[in-house]
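A quick write-up on the structure given underneath.
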2 protein chains.
Amino acid sequence: MLSIGNLSKTSGVKVPTIRYYEKIGLIAPADRSQGNQRRYEADDLKRLIFIKHARDLGFHLDDIKSLLTLKEDTSCPCSGADEILTRHLSDVRNRISRLQRLEAELERMSHCEGECVAECSVIESLADHSHCLYEH
Amino acid sequence: MLSIGNLSKTSGVKVPTIRYYEKIGLIAPADRSQGNQRRYEADDLKRLIFIKHARDLGFHLDDIKSLLTLKEDTSCPCSGADEILTRHLSDVRNRISRLQRLEAELERMSHCEGECVAECSVIESLADHSHCLYEH
DNA sequence: TATAATAGCTCTAGTCACTATAGCTTCAAG
DNA sequence: CTTGAAGCTATAGTGACTAGAGCTATTATA
């Protein structure tokens, strides 16, 4: 039997976040002690670690909910899980390439040599889109 | 004299977003027509394009506010602008490398070959952190 | 000039995934 | 038995918008 504080320490998920997950129905309402405090078991910890792990990997709570449902239902083929992952992976790749173009742009803008703002390349670049390397 | 709709079209910033920017003080309250509709001039368009541009590059509104202030004050040296940019650039680089580690992890997890969830590598990977390549 | 469609107005609430605060109660250690 | 840490609920705030309701103004066409 774990208190919410211990569950938090063991899982790495903050206490208010655990309560938040309960509130939105991502985890089941916890059992309560006589004094109305939450008490958890090993299974709850497992579920929370799964969630933590998926969040660290950037999955949305919605997708995590779906993954947990798939996990529960041992009969159902896992193509659903694969689809969620594939979608997420392509999303991540998208974000990477957008950020890399951004990086190039920012790199190019940086290291202003002007002394006053009138000559500041940073501000000039931001003001005038036509200097840009790519469309955005 | 531009209506908010035309300002929106020309700048690429959505109408409600323009009103939102006014509300939070990022742009000055617009002049009004006799019928109380917002009317804009060339300078307002310039400022909005600056903002749009900086947002596209991922700057926070707070930083954009600072950049606009620096832009206004033509006397002040632009090291402030350079600092904001440098900070943002390192933030972008951070995000890129985190996403790349993520990508590797997701790639490794993907293409589940199991038929039922008990064998699904995606779900298994999420449940068991010890399979991971890096700490997260 | 009349009318209808489009655009604009304000205000409130919702999004996502938490985080912070206030004011209270319970628990565990000494 | 006391004290301090941990727990409880409920509400509000974050960032950067977005959506909706219910109204008014402008503009294009008949």
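Small disclaimer: the values here were computed from a predicted structure and weren't measured. Every chain is numbered from 1, with letters handed out A, B, ... down the list of sequences.
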Spacing of [X] atom [atom1] relative to [N] atom [atom2], expressed in whole Å:
| X | N | atom1 | atom2 | value |
| --- | --- | --- | --- | --- |
| A/L26 | C/dC16 | CG | C1' | 13 Å |
| B/L48 | D/dC17 | CG | P | 11 Å |
| B/D62 | D/dT14 | CG | P | 11 Å |
| A/I4 | C/dT25 | CD1 | C1' | 15 Å |
| A/L2 | D/dA6 | CG | P | 15 Å |
| B/I51 | D/dA16 | CD1 | P | 12 Å |
| B/I24 | C/dC11 | CD1 | P | 17 Å |
| B/L7 | C/dC9 | CG | P | 11 Å |

Is the shortest side-chain N/O distance from [X] to OP1 or OP2 of [N] below 4.0 Å?
| X | N | answer |
| --- | --- | --- |
| B/K14 | D/dC17 | no |
| B/Y20 | D/dG15 | no |
| B/T17 | D/dT18 | yes |

Of the non-hydrogen atoms in A/I24 and A/K65, which two are nearest, and what is the gap between them?
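It is O-NZ, 3.3 Å.
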
Do you know the tightest heavy-atom contact between B/Y40 and B/A30?
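That closest heavy-atom pairing would be CE2-CB, 3.5 Å.
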
Can you find a heavy atom in the side chain of B/L68 that is under 4.5 Å from one in the side chain of B/L26?
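The answer is yes; the side chains approach within 4.5 Å.
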
Sorted by number, the residues of residues 29-39 of chain A with heavy-atom contact under 4.0 Å to DNA chain D:
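Listed by number, they are A/R32, A/N36, A/Q37, A/R38.
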
Looking only at the side chain of B/H60 (C-beta and beyond, no hydrogens), which of the listed nucleotides D/dA16, D/dC8, C/dC18 gets closest?
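Minimum distance to the B/H60 side chain belongs to D/dA16.
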
Of the listed nucleotides (D/dA16, D/dC17, D/dG7), which one gets closest to any side-chain atom of A/R19?
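My answer, after comparing the listed nucleotides, is D/dG7.
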
Name the residue closer to the 5' end of DNA chain C, choosing between B/N6 and B/K23 according to the nucleotide with the nearest heavy atom.
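This one resolves to B/N6.
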
Salt-bridge present (B/D56, B/K52; N to O < 4.0 Å):
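Yes, B/D56 and B/K52 are salt-bridged.
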
Can B/R93 and A/E107 be counted as an ion pair, charged N to O under 4.0 angstrom?
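Judged by the 4.0 Å cut-off on N to carboxylate O distance, B/R93 and A/E107 do form a salt bridge.
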
From B/L85, B/V92, B/T86, residue fulfilling side chain to side chain contact (heavy atoms under 4.5 Å, CB included) relative to B/H88:
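Only match with B/H88 under side chain to side chain contact (heavy atoms under 4.5 Å, CB included): B/V92.
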
Considering every strand and a 4.0 Å limit on heavy-atom distances, what is the contact class for A/R55: base, sugar-phosphate, or nothing?
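Sugar-phosphate contact only - A/R55 comes under 4.0 Å of backbone atoms but never of a base.
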
Is A/F59 touching bases, backbone alone, or none of the nucleic acid, heavy atoms closer than 4.0 Å?
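Result for A/F59 = nothing.
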
What's the spacing between A/R39 CZ and A/S33 OG if we round to 0.5 Å?
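So the CZ of A/R39 and the OG of A/S33 are separated by 4.5 Å.
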
